[in-house]
Amino acid sequence: VAALFTASIAALTPNTTTAGAQSNTTGTNATTAGVGNTTQAQGSTPQFSANLTGDLTFPPTVTNATGTGEFTVVGDGNTMRYTIDANNIDKVTDVFVAASSGGRYADLVQLRSGVNEGISGPISGTLVEGNFTSSDFTGRLNIDQMSDLLKLILDGNAYVRIQTFDAPLGKIVGKITPNLPS
């Protein structure tokens with residue numbers, strides 16, 4: 001299955017660019033709700049997705065907050081485009097792509113920084129979107145290439161984690177899974 005999916009990634013990877021993204025201090029091209037303007041190529045389909053709930057937080061959280069994440073490898077395969085939407089969530093501090101094989105999460109890429117961007121107000125819509133490359137990786141778990149992240153996704157060990165002021169370990173989390181071609 002992994003070999004089939006890897007071949008599918010190559011076939012699905014569009015040769016597109018993202019325009020108008022705003023760069024934050026970590027080097028990640030990101031825009032937060034109401035800031036900047038990121039455009040997505042028409043007709044491109046996310047290759048990976050995540051459904052975020054309180055079920056996968058550590059410890060599990062009872063919340064009516066939900067979210068989704070969409071990820072697409074673009075360009076030469078070294079850039080990942082993402083959009084993270086959230087509903088019924090307030091006071092978001094940080095958003096991460098993280099790794100876990102059970103239990104605690106090791107943050108790999110910071111998509112939103114509460115230190116740099118402040119705490120959000122109520123969100124029901126796009127929380128953050130943009131691009132990241134391997135230069136944005138934190139260096140944890142010896143993840144230093146996009147192929148390393150893709151392997152984590154295929155192995156079922158990559159997640160999106162949204163932290164809030166009242167849930168600093170994570171309010172909602174979702175496993176990033178491949179969208180297999182039909």
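On a predicted model such as this, the values are computed, not experimentally measured, just so you know.
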Determine the interplanar angle of the Tyr82 and Phe132 rings, folded into 0 to 90°, and report it as parallel if under 30°, tilted if 30 to 60°, perpendicular if over 60°.
tilted

Going by the side chain to side chain contact (heavy atoms under 4.5 Å, CB included) test, name the single residue among Thr68, Val92, Leu52, Thr83 that passes it with Leu127.
Val92

Can a donor-acceptor pair be found, under 3.5 Å and without considering hydrogens, that links the side chain of Thr126 to the backbone of Val128?
no

Tell me yes or no: between the side chains of Thr63 and Thr61, is some donor less than 3.5 Å from an acceptor?
no

Do any N or O atoms from the side chain of Thr57 and from the backbone of Lys171 form a donor-acceptor pair under 3.5 angstrom?
no

Ignoring hydrogens and angles, tell me if any N or O in the side chain of Thr138 forms a donor-acceptor pair with the backbone of Asp107 under 3.5 Å.
yes

Spacing of OG1 belonging to Thr93 relative to CG belonging to Asp166, to within rounding of 0.5 Å
9.0 Å

For Val74 and Met80: C-alpha separation, side-chain torsions, deciding distance, then whether side chain to side chain contact (heavy atoms under 4.5 Å, CB included) applies.
CA-CA 6 Å; Val74 296; Met80 181 81 75; over 6 Å; no

Do any N or O atoms from the side chain of Asp155 and from the backbone of Asn157 form a donor-acceptor pair under 3.5 angstrom?
no

Could you check whether any side-chain N or O of Asp148 sits under 3.5 Å from a backbone N or O of Gln145, counting only pairs where one atom can act as donor and the other as acceptor?
yes

For Tyr159 together with Tyr105, are the ring centres under 6.0 Å from each other?
yes

Donor-acceptor check, side chain of Arg161 to backbone of Leu169, threshold 3.5 angstrom: yes or no?
yes

Tell me whether Asn179 contacts the main-chain N or O of Pro46 through its side chain, where contact means a donor paired with an acceptor under 3.5 Å.
yes

Paired with Val97, the side chain to side chain contact (heavy atoms under 4.5 Å, CB included) test is passed by just one of Ile176, Ile153, Ile84, Leu152, namely Ile176

Should the heavy atoms of other residues, nucleotides or ligands under 6.0 Å from CG of Asn64 be counted, would the total exceed 12?
yes

